[in-house]
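Inspection log for the structure reproduced underneath, given as structure tokens.
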Amino acid sequence: MNPVEFRRHLHAHPELSFKERDTAAFIAAQLAALGIEHRPVAGTGVLARIEGRGKADPKRRAVVLRADIDALPIAELIDTPWRSCNAGVMHACGHDMHAAVLFGVLQQVAADPDFRGTLFGLFQPGEECNPGGASLVLAENPFDGYDVRAVVGEHVEPQLEVGTLGFRAGKYMAASDEIRFRVHGTGGHGAMRQQLKDPVAAAAEFLTRLIALNHEECVLSIGRVEAAGATNIVPDEVYLEGTLRTFDEREREIIHRRIRNIAADIDSRHGVRIATDISRGYPCVVNDEHLVKQAAVLAKEQGLQVEMLPLRTTAEDFGFYCTRYPSLFYRLGVGAAAGRPHTATFNPDEGAINVGIGFMKRLALQILKK
């Protein structure tokens, strides 16, 4: 099976986060057909391993190549022979492309393992939702005893044309937290304000002050507000929820404290009680500067176009790997005609698969040789 066929099979049979059982079984079967050692990881993931045939490496150097494999709850509107067979589920974020690139790399390396060290191929489940499959992978400590020189991952990017790669050194993608609040007050008749401890007024001020926390490297948005009152009824409670994105762990903690301090101030002045729930999500993706430099030079040597990227406020559980190992997460151009990810018409150019394979393979082997 070639990588494009591999991708089309995954695209036709998408599965949601942590439910990738058939996906994992298919990947395992294809690896077995190539004689590649593999085992389950993180429940519904697959971890492949290829040992180089070079002389024994006392340092046990290793490179980990990672691809996510989960799909999204979206009903596909693209009519192709490989469109989704699973109603309401679609590979609308390119994870089928990521997996196909990784499969292609492993296929080629297994045919000629002329290197020293260990190459891991990690088909990771559950990138799209907390706690993130990456955290579950690391909880198993699958790379203990190895000198992991790099964890490498990619993501398709329609804002880059096929043949273009995007990089950013240092902090790149945001840490993400889910924020939820319940403003408890005393409701009643809307015309009898002296009897109220108005949670709606308190919530309105609270929301305004939260939004004021936004700056270049902090994004806070409230996407849901519920106050189940009426024209003349003030409810006892208001509910708010949203998202917080930051690019630095110290700044993340500072914003968490400021949110709680604002809540306490609102409580004291309005006579309400705000229950605050900050659910920590993925850490920031921070790219190793040396790996970025090495990768950009290699891409140019291969005749690929290279673009340096701005900060990105979306989140990626790849950030967990960055907290433990030197890591590199880059963008693979799939062309503007692909449309927007996370939509029912996202259709990346499959020509990017071979570009991705060639680059990722050469990068992994180059890192192992250093």
Q: Please answer whether the main-chain N or O of Ala336 pairs with a side-chain N or O of Glu161 as donor and acceptor at a distance below 3.5 Å.
A: yes
Q: Using a cut-off of 6.0 Å, state whether more than 12 heavy atoms not belonging to Glu216 lie near its atom CD.
A: no
(Q) Over 60° means perpendicular and under 30° means parallel, so tell me whether Phe329 and His155 are parallel, tilted or perpendicular. (A) perpendicular
**Q.** Interatomic distance, Leu165 atom CG to Glu307 atom CD [nearest 0.5 angstrom]
**A.** 10.0 Å
Q. Is it true that a side-chain atom of Asn287 and a backbone atom of Tyr172 form a donor plus acceptor pair closer than 3.5 Å?
A. no
Q. Do the side chains of Arg116 and Lys59 get nearer than 4.5 Å, heavy atoms only?
A. no
Q: Dump the intermediate steps for side-chain contact (heavy atoms from CB on, under 4.5 Å) on Glu140 and Leu136, then the final yes or no.
A: CA-CA 7 Å; Glu140 296 182 17; Leu136 303 186; 5.7 Å; no
(Q) Quick check: closest heavy atoms across Asn130 and Ser279, and the distance to 0.1 Å? (A) ND2-OG, 4.4 Å
Q.
Return the CG to CZ distance between Asn2 and Phe103, rounded to the nearest 0.5 Å.
A. 8.5 Å
(Q) For residues Ile36 and Tyr146: do they belong to one hydrophobic cluster (side chain heavy atoms under 4.5 Å, members Ile, Leu, Val, Met, Phe, Trp, Tyr)? (A) no
Q. If you take all heavy atoms of Pro235 and Pro199, which pair is closest and at what distance?
A. O-CG, 3.0 Å
Q | Under-4.0 Å salt bridge between Asp198 and Arg193 | A | yes
Q) Is a side-chain donor or acceptor of Asn354 paired with a backbone partner of Gly351 at a separation under 3.5 angstrom? A) no
Q: Give the ring-plane orientation class for His95 versus His91, where under 30° counts as parallel, over 60° as perpendicular and anything between as tilted.
A: tilted
**Q.** For Val238 against Ala227, the heavy-atom pair lying closest together
**A.** CG2-CB, 3.9 Å
Q.
Parallel, tilted or perpendicular: which one describes the rings of Phe120 and Phe143, with boundaries at 30° and 60°?
A. perpendicular
Q.
Just checking His290: does its NE2 atom have more than 12 heavy atoms from other residues, nucleotides or ligands closer to it than 6.0 angstrom?
A. no
Q) Do the side chains of Arg149 and Asp147 get nearer than 4.5 Å, heavy atoms only? A) yes
Q: Any chance you could lay out the salt bridge (Lys or Arg N to Asp or Glu O under 4.0 Å) test for Asp96 and Arg8, step after step, and finish with the verdict?
A: CA-CA 8 Å; Asp96 51 340; Arg8 291 180 179 182; over 6 Å; no
Q) Hey, does the side chain of Asn347 reach the backbone of Ala338 with a donor-acceptor pair shorter than 3.5 angstrom? A) no
Q | Arg21 and Thr44, any side-chain heavy atoms less than 4.5 Å apart | A | yes
Q. Under a 4.5 Å side-chain heavy-atom rule over Ile, Leu, Val, Met, Phe, Trp and Tyr, are Phe18 and Val137 clustered together?
A. no
Q) So does Glu205 have more than 12 non-hydrogen atoms from other groups sitting under 6.0 Å from CD? A) yes
Q) Within a strict 4.5 Å, meaning less than it, do heavy atoms of the Glu301 and Val297 side chains meet? A) yes
**Q.** Pairwise distance CD1(Ile278) to CZ(Arg180) - rounded to 0.5 angstrom
**A.** 11.5 Å
Q | Criterion ring-ring contact (aromatic ring centres under 6.0 Å, His included) on Phe318 and Tyr282, from CA distance to verdict | A | CA-CA 8 Å; Phe318 191 87; Tyr282 306 158; over 10 Å; no
Q: Please assess Arg324 against Asn141 for the test side-chain contact (heavy atoms from CB on, under 4.5 Å), listing each intermediate value before the final yes or no.
A: CA-CA 11 Å; Arg324 193 175 298 190; Asn141 298 309; 3.1 Å; yes
Q. Mind checking whether Asp317 and Asp68 have side chains closer than 4.5 Å, heavy atoms only?
A. no
**Q.** same_hphob_cluster(Val105, Leu122) at 4.5 Å side-chain heavy-atom cutoff
**A.** no
**Q.** Hydrophobic cluster membership, Leu298 vs Val355, 4.5 Å side-chain cutoff
**A.** yes
Q: Determine whether Ile211 and Ile179 fall in the same hydrophobic cluster, where Ile, Leu, Val, Met, Phe, Trp and Tyr are linked whenever their side-chain heavy atoms lie under 4.5 Å apart.
A: yes
Q: Working to the nearest 0.5 Å, report the span between CD of Glu154 and CZ of Arg66.
A: 10.0 Å
Q. Checking side-chain contact (heavy atoms from CB on, under 4.5 Å) for the pair Leu365/Lys361: CA distance, chi angles, key distance, verdict?
A. CA-CA 6 Å; Leu365 297 180; Lys361 174 189 170 184; 4.2 Å; yes
**Q.** Minimum side-chain heavy-atom gap Phe115-Ile50 below 4.5 Å
**A.** yes
Q) Would Glu253 and Arg280 satisfy salt bridge (Lys or Arg N to Asp or Glu O under 4.0 Å), going step by step from the backbone distance to the final call? A) CA-CA 11 Å; Glu253 296 305 323; Arg280 295 180 71 92; 2.6 Å; yes
Q: Hydrophobic side-chain clustering at under 4.5 Å (ILVMFWY, transitive links): who's grouped with Leu16? Put none if nobody.
A: Val89
Q) Got a sec, which residues hit salt bridge (Lys or Arg N to Asp or Glu O under 4.0 Å) with Arg273, two or more places apart in sequence or on another chain? A) none
Q | Within-4.5 Å side-chain heavy-atom neighbours: Arg168 and Leu311 | A | yes
Q | Side-chain touch Ile367/Leu291, heavy atoms, less than 4.5 angstrom | A | yes
(Q) Are more than 12 heavy atoms, taken from residues, nucleotides or ligands other than Arg53, located less than 6.0 Å from that residue's CZ atom? (A) yes
Q. How far apart are the closest heavy atoms of Cys93 and Val156, and which atoms are they?
A. O-CG2, 3.7 Å
Q: Would you check if the side chain of Asn214 reaches a backbone N or O of Leu220 as a donor-acceptor pair within less than 3.5 Å?
A: yes
Q) What heavy-atom pair brings Ala344 and Ala75 nearest, and what distance separates the two atoms? A) CB-O, 3.2 Å
Q. Can you name the ring pair (Phe, Tyr, Trp, His ring centres under 6.0 Å) partners of His13, sequence neighbours left out?
A. His9
Q. Just wondering, more than 12 heavy atoms not from Arg260 lying within 6.0 Å of its CZ?
A. yes
**Q.** Worked check of salt bridge (Lys or Arg N to Asp or Glu O under 4.0 Å) between Arg83 and Glu76
**A.** CA-CA 7 Å; Arg83 69 176 297 171; Glu76 184 168 11; 5.1 Å; no
Q. Sub-3.5 Å donor-acceptor pair from the side chain of Arg258 to the main-chain atoms of Leu210, do we have one?
A. no
**Q.** Derivation and outcome, side-chain contact (heavy atoms from CB on, under 4.5 Å), residues Leu106 and Leu119
**A.** CA-CA 9 Å; Leu106 296 176; Leu119 182 68; 4.2 Å; yes
Q | Distance, nearest 0.5 Å, that separates SG of Cys284 from CD of Glu251 | A | 11.5 Å
Q) Going by the angle between their ring planes, with limits at 30° and 60°, are Phe123 and Phe6 parallel, tilted or perpendicular? A) tilted
Q. Rounded to the nearest 0.5 Å, how far does CG of Asp236 lie from OG1 of Thr186?
A. 6.5 Å
Q | Taking every non-hydrogen atom, the tightest pair across Asp265 and Ser268 | A | O-OG, 2.9 Å
Q: Begin with the C-alpha distance, continue with both residues' side-chain angles, and end with the deciding distance and a verdict on side-chain hydrogen bond (donor to acceptor under 3.5 Å, both in side chains) for Glu237 and Tyr239.
A: CA-CA 7 Å; Glu237 179 182 293; Tyr239 175 75; over 6 Å; no
